[in-house]
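Have a look at the structure below before the remarks.
A note on names: the letters A, B, ... follow the listed sequences, proteins ahead of strands, and every chain is numbered from 1.
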Amino acid sequence: MSLAYSVILFDSTHDAIRAEKTLKAVLPVTLMPVPRQFSASCGISLRFATELRPQIEELLQRHRLAGRIEPLNAE
Amino acid sequence: MKIVDAKGKNCPIPVIMTKKEIDAGAKELIVEVDNPVAVQNVSRLAGAMSFDVAQEEIAGGFRLTLTSNGAASDAAAVTAAVQAAQQCAPGGSWAVFVGRDVIGDGDRELGSSLMKMFFYTLAESDDLPAQVLLMNAGVKLAVNNPDTIEHLQTLVDKGVELLVCGTCLNFYELSDQLKVGTVSNMYDILSRMQAASKVISL
């Protein structure tokens, strides 16, 4: 299985927890610590399969969730 | 013949991978490992499970060919072999004890997020505990939290023993809803703590 993943990073812990609730209701996302290479953010991130990026972006926008998406290397 | 490639796997993973194949019914299999300690551990397990072992050197390690000799496996010797393999992990074997469904005091929602992230990170780590022990509200992590259930299942698949307090499941009326792990009791949970070189409590 060589699924590519991306992460959503947040400036605020509250945003991250709110986004998890909203997104999880619709799509498979996994709460994980912010990967070391992206140290500058709140510490909580959401991982998702990169193929879901369009839906994720749409949901973030629709619910006014302030998150930034970064690719996460599969492996 | 099934080939188990356990090269590059930390102790005790080669033993766990081998046991999984034999438990699944393999009568003949090849196990490849990259160090003499793993050769010893896998051979000991094979002996306990009544398999003969032929060993040869290959590029980057050793190839063990295991063949069942038809005799029954010796349950006590198998347990001892698995435990011995767990001891050879750097720093000895260790256990995680979880007595709650959140990490720390303060906000429960934050504590729940931290617990999910703890198990995600642990499941991705190369240095795994021999056991995860769940008590009191900690048992809920294996019952009604899809995220922690997924991470606990990953740990179990990697050979971690997950013991869940049966008294606690009964108290919370969750006995018939356990999704992952083995229902256990105070004797077994205490014995795992006593055997561990360290116990991390959450």
Side-chain angles (χ1 to χ4, degrees), chain A residues 1-53 55-56 59-60 63-75, chain B residues 4-10 13 17 20 96 98 100-129 132 134 137-138 140-158 160 179-180 200 202:
Chain A
M1 216 172 62
S2 62
L3 210 53
Y5 288 102
S6 296
V7 284
I8 317 171
L9 307 176
F10 302 89
D11 288 331
S12 134
T13 315
H14 294 281
D15 287 348
I17 292 177
R18 193 161 67 91
E20 190 216 2
K21 272 197 231 156
T22 308
L23 297 181
K24 183 144 250 171
V26 193
L27 292 169
V29 294
T30 303
L31 203 64
M32 69 175 280
V34 172
R36 290 183 210 274
Q37 66 263 37
F38 311 116
S39 55
S41 70
C42 77
I44 301 180
S45 64
L46 286 172
R47 189 187 77 161
F48 63 94
T50 302
E51 59 186 22
L52 297 174
R53 181 163 181 156
Q55 291 105 295
I56 295 276
L59 282 164
L60 289 176
H63 297 277
R64 296 196 179 78
L65 295 162
R68 129 176 145 261
I69 296 177
E70 295 282 350
L72 181 71
N73 293 339
E75 239 336 39
Chain B
V4 175
D5 182 3
K7 294 194 292 295
K9 302 288 183 200
N10 283 340
I13 305 299
M17 291 170 79
K20 207 170 176 178
V96 176
V98 187
R100 2 188 7 200
D101 57 350
V102 294
I103 290 187
D105 293 318
D107 186 75
R108 273 194 60 84
E109 193 163 38
L110 176 62
S112 170
S113 294
L114 295 172
M115 188 64 91
K116 290 183 202 175
M117 292 197 292
F118 172 82
F119 279 107
Y120 172 86
T121 311
L122 184 66
E124 297 278 304
S125 156
D126 286 332
D127 182 4
L128 297 178
V132 172
L134 304 181
K140 294 179 184 174
L141 300 172
V143 172
N144 54 22
N145 184 327
D147 295 87
T148 51
I149 289 169
E150 183 186 333
H151 306 323
L152 289 167
Q153 185 63 55
T154 305
L155 289 166
V156 168
D157 292 343
K158 290 183 171 181
V160 174
K179 304 291 192 304
V180 57
I200 293 174
L202 294 183

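- By the 6.0 Å contact criterion, NE2 on H63(A) is enclosed, its count of non-hydrogen atoms from other residues, nucleotides or ligands being greater than 12.
- Of residues 19-26 of chain A, those residues with a non-hydrogen atom less than 4.5 Å from any non-hydrogen atom of chain B are, in numerical order, E20(A), K21(A), K24(A).
- Taking all atoms of both residues into account, the shortest heavy-atom contact from Y120(B) to T30(A) is CD1-CG2, 3.8 Å.
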Please list, one pair per line, the donor and acceptor atoms closer than 3.5 Å that link side chains of residues 101-108 of chain B to other protein atoms, with sequence neighbours excluded.
unit_1, atom_1, unit_2, atom_2, d
D101(B), OD1, R108(B), NH1, 3.4
D101(B), OD1, R108(B), NH2, 3.4
D101(B), OD2, R108(B), NH2, 3.0
D107(B), OD2, E109(B), N, 3.1
D107(B), OD2, L110(B), N, 2.9

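- Looking at L31(A), both its backbone and its side chain come within 4.5 Å of chain B, counting heavy atoms on both sides.
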